[in-house]
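As a basis for the values below, the full set of heavy atoms in this structure was taken, side chains included, without hydrogen atoms, waters or symmetry mates. When a ligand or atom number is given, it counts from 1 through the structure's own listing order.
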Amino acid sequence: MDERLERLNRLPLREDLRGLHPYGAPQLDVPIQLNVNENTHGVPQDVQDAIVEAVRGAAAGLNRYPDREFTELRASLADYLGHGLTVEQLWAANGSNEVLQQVLQAFGGPGRSALGFPPTYSMYPLLASGTGTAYLKGIRAEDYGLSAESAAQQVRELAPSIVFLCSPNNPTGTALGLDVVEAVYEAGEASQTIVIVDEAYAEFAHLGTESALALLPGRPRLIVTRTMSKAFALAGARLGYLAAAPEIVDALRLVRLPYHLSAVTQATALAALHHRASLMAEVEEIKHQRDRIVKELDRMGLRPAASDSNFVFFTGLRDAQRIWRGLLEAGVIVRDVGIPGSLRVTAGTESETTAFLTRLEELLSQEGQGSAA
Ligand SMILES: *Cc1c(COP(=O)(O)O)cnc(C)c1O
């Protein structure tokens, strides 16, 4: 055991944290970064300019604590989401990760459990363990699908305090039908389960994919989370949010740190929301690259999953780790999500996507796999 780990083990760390590993997607200095589903198209110039101006305005008032209720931002988020949502139904924090953490702090904790359906977002178990919540692993179909009947059955059996439905799901990229959300919500009636629908990638969904926001009326245990990290190209700004019944927001006020959203963060997010037209134009181009990846991987004889997000999960590789390393050697980093024969790639700019596809095809033909085989 290395010495640092021994020293950590001598500390009076909580027993349930011993032996755990922190979130660890590699942050390597590689020219083409397609591994953490960031918006690869960058922040449009007009959005950059608006942010700089807004932050300059906020700077003069930084001697004061920020608006603890970030009311203007919540109003702007409600306006963006539509669905008749009001300010009282919106809440935000430093990334949807912090939003999820607050939900777990309020509704999870020791003696309680949260259910997820792996393969899904790798932060769910970490957020659960950080808040002393037991993490239960639900089961998906062989093709990683999740039917309404199966999900509802598992919720009835396990009676979790919280259930995570990731739609579109990370890492597989596919959106859930609203019938799944409805069935899970109903199945959680007896156990009063809080149902979280994580819609981090909602803006990239195919036309006609419905958001769980439509299900909020009359469902006080339903929470829909979103983020500005993906479609809004603001992963570095850290702004995630949710829509739910006002009493859910009241519950989160009990656990949030006072003034958790800095004035700089609020100003940045507001500026981006006001200039969302140019951001949404980039989303269309990203969807185009996403569809191109699916089509090309298919042509190479691989099996890409249907994607409603800004990334593509694909399987059918003989040796995923070798391909991962081969891409990295060519300056392209993708994500090894730990599923044999599979990798996940974020849609890049047109030239980044071309570099990825070209290198991948070379690697496949080297091992006699794919269309060249
Ligand atoms: C990227 C991602 C998030 C976003 O997290 P932030 O903290 O808002 O950056 C949330 N959920 C899923 C499933 C994601 O992939």
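Within the 4.5 Å cutoff, no side-chain heavy atoms of Phe204 are placed close to those of Phe311.
Using a 4.0 Å cutoff on heavy atoms, Asp198 counts as a contact of ligand 1. The closest approach between a heavy atom of Cys166 and any atom of ligand 1 is below 4.0 Å.
Heavy atoms of other residues, nucleotides or ligands lying less than 6.0 angstrom from CZ of Arg68 number 12 at most. More than 12 heavy-atom neighbours from other residues, nucleotides or ligands sit within 6.0 angstrom of CG on Asn63. Counting heavy atoms of neighbouring residues, nucleotides and ligands inside a 6.0 Å radius, atom CD of Glu247 exceeds 12 of them.
Below 4.0 Å from some heavy atom of Gly95 lie the following atoms of ligand 1, by number and element: 6 (P), 7 (O), 8 (O). Shown in contact with Arg238 at under 4.0 Å from a heavy atom are these atoms of ligand 1, numbered in order with element: 6 (P), 7 (O), 9 (O). Near Ala200, meaning under 4.0 Å from any of its heavy atoms, are these atoms of ligand 1: 2 (C), 3 (C), 10 (C), 11 (N), 12 (C), 14 (C).
Side chain of Glu282 to backbone of Pro44: no donor-acceptor contact under 3.5 angstrom is found. The closest donor-acceptor contact from the side chain of Gln33 to the backbone of Ile333 lies at 3.5 Å or more, if one exists at all.
With respect to atom 9 (O) of ligand 1, the closest heavy atom belonging to the protein is Ser229 OG, 2.6 Å. The protein atom (non-hydrogen) at minimum distance from atom 14 (C) of ligand 1 is Lys230 NZ, 3.2 Å. Distance from atom 4 (C) of ligand 1 to its nearest protein heavy atom, with residue and atom name: Ser96 OG, 3.2 Å. The nearest protein atom to atom 15 (O) of ligand 1, hydrogens excluded, is given as Tyr201 OH, 2.6 Å; this is a heavy-atom distance.
At a heavy-atom distance under 4.0 Å, only side-chain atoms of Asn170, from C-beta outward, approach ligand 1.
Both tests do not hold together for Arg140 against Tyr144: distance to the six-membered ring centre under 6.0 Å, angle to the ring axis within 45°.
A single hydrophobic cluster is seen to contain both Leu5 and Leu11, as judged by linkage of ILVMFWY side chains at heavy-atom distances under 4.5 Å, directly or through other members.
Between Asn37 and ligand 1, no pair of N/O atoms sits closer than 3.5 Å.
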